[in-house]
Amino acid sequence: MQPIDDSPLTRDGKILILAYDHGLEHGPVDFEAVPESADPEHVFEVATHPAVTSLAVQKGIGEGYYPDYADDVTLLAKINGTSDLWMGEPDSAVNWSVEYADEVGADSIGFTLYGGSNHEIEMVEEFRDAHEAARAHDMPVVAWAYPRGQGVKNDKKSGVISYAARQAMELGADVAKVKYPGSPEAMEEVVEMAGRTKVVMSGGSKTSDREFLETVKGAMDAGAAGLAVGRNVFQRENPEAILDGLEEIIFEESSVETALAATES
Ligand code: FBP
């Protein structure tokens with residue numbers, strides 16, 4: 001892992017990745033709440049909010065839409081990804097090369113690691129290749145550190161999430177994106193295990209403004225560097241409002257009450 005505070009992925013050392021690979025990972029069901037969220041242009045517009053330090057997309061959306069937003073949005077190329085249409089041990093296809101992501105204009109890459117899957121060895125070897133190519137292009141590497149598969153009995157257990165963050169750190173990730181382990185205390189352990197690798201909390205399914213902002217605040221107080229969020233932003237009728245609140249918590253270290261007030265202003 002390397003220092004990334006000078007990279008466009010961060011603002012004051014903090015990170016807010018807007019994730020928008022759900023059409024591939026989950027399918028159209030994720031766009032039902034706010035139908036315009038199926039249109040990548042809508043989400044690129046949302047990503048121009050100053051709180052967003054990068055927009056994470058798959059190849060088709062990157063090459064199809066990023067040229068129109070290159071001046072206003074920082075791109076994270078989600079290199080691998082898979083659909084929800086098949087069954088079996090967790091795995092994820094590598095859909096674009098780091099070289100091509102660089103050509104499209106990406107500033108960083110993202111890669112899912114399913115530690116505990118029967119496909120873990122191949123995934124880690126693919127990660128190695130992507131990681132070393134990213135180094136050659138001076139692009140930070142974000143691991144979607146998602147322990148999952150036959151070897152993992154409980155992927156919500158904090159010790160398992162700490163192990164996934166540690167795995168990401170030892171394999172060279174600059175940022176480990178983890179599911180929230182359930183409490184600020186558990187998050188502290190995750191952050192400790194990740195060492196100098198920054199930890200960002202994964203957004204999860206949509207909750208109320210207060211619940212979401214409280215969880216993010218707890219994660220930040222526990223030492224997280226920020227958030228990688230999809231549904232809790234684009235499934236809202238007013239995504240800019242929640243981003244105003246997140247900006248308060250992540251970059252201004254404000255209280256939840258101040259953040260909630262920002263969502264209403
Ligand atoms: P959310 O904030 O909507 O949870 O998005 C984060 C994310 O990692 C996306 O990048 C990805 O599409 C999705 O979650 C995968 O979630 P899962 O594998 O748990 O279904």
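Counting convention: from 1, in listed order, for ligands and their atoms alike.
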| Is it true that M169 and L171 fall in one hydrophobic cluster, defined by side-chain heavy atoms closer than 4.5 Å? |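 M169 and L171: separate clusters.
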
Between ligand 1 and the protein, give all atom pairs where both partners are nitrogen or oxygen and the distance is under 3.5 Å, as lines of names plus distance to 0.1 Å.
from     : atom 1 : to   : atom 2 : distance (Å)
ligand 1 : 2 (O)  : G203 : N      : 3.4
ligand 1 : 2 (O)  : G204 : N      : 3.3
ligand 1 : 2 (O)  : G230 : N      : 2.8
ligand 1 : 3 (O)  : H22  : NE2    : 2.8
ligand 1 : 3 (O)  : R231 : N      : 2.8
ligand 1 : 3 (O)  : R231 : NE     : 2.7
ligand 1 : 4 (O)  : G204 : N      : 2.9
ligand 1 : 4 (O)  : R231 : NH2    : 2.7
ligand 1 : 5 (O)  : H22  : NE2    : 3.0
ligand 1 : 8 (O)  : W144 : NE1    : 3.1
ligand 1 : 8 (O)  : Y146 : OH     : 2.6
ligand 1 : 8 (O)  : K177 : NZ     : 2.5
ligand 1 : 10 (O) : D21  : OD1    : 2.8
ligand 1 : 10 (O) : D21  : OD2    : 3.3
ligand 1 : 10 (O) : W144 : NE1    : 3.0
ligand 1 : 12 (O) : D21  : OD1    : 2.7
ligand 1 : 16 (O) : H26  : NE2    : 3.3
ligand 1 : 18 (O) : R148 : NH1    : 2.9
ligand 1 : 18 (O) : R148 : NH2    : 3.4
ligand 1 : 19 (O) : R148 : NH2    : 3.1
ligand 1 : 19 (O) : K179 : NZ     : 2.5
ligand 1 : 20 (O) : H26  : NE2    : 2.5

| query | For V152, which residues count as a side-chain contact (heavy atoms from CB on, under 4.5 Å) partner, sequence neighbours excluded? | reply |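 V152 satisfies side-chain contact (heavy atoms from CB on, under 4.5 Å) with P147, D155, V160 once adjacent residues are dropped.
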
| said: Between E120 and R148, does any NZ, NE, NH1 or NH2 come within less than 4.0 Å of an OD or OE carboxylate oxygen? | reply: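 Looking at R148 and E120, the cut-off is not met.
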
| Test: E247 and K14 ion pair at under 4.0 Å | no

| query | Using the benzene-type ring in the case of Trp, are the ring centres of F234 and H22 under 6.0 Å apart? | reply | yes

| request: Cation-pi check, K179 to Y146: give yes when NZ or CZ is under 6.0 Å from the six-membered ring centre and within 45° of the ring axis, no otherwise. | output: yes

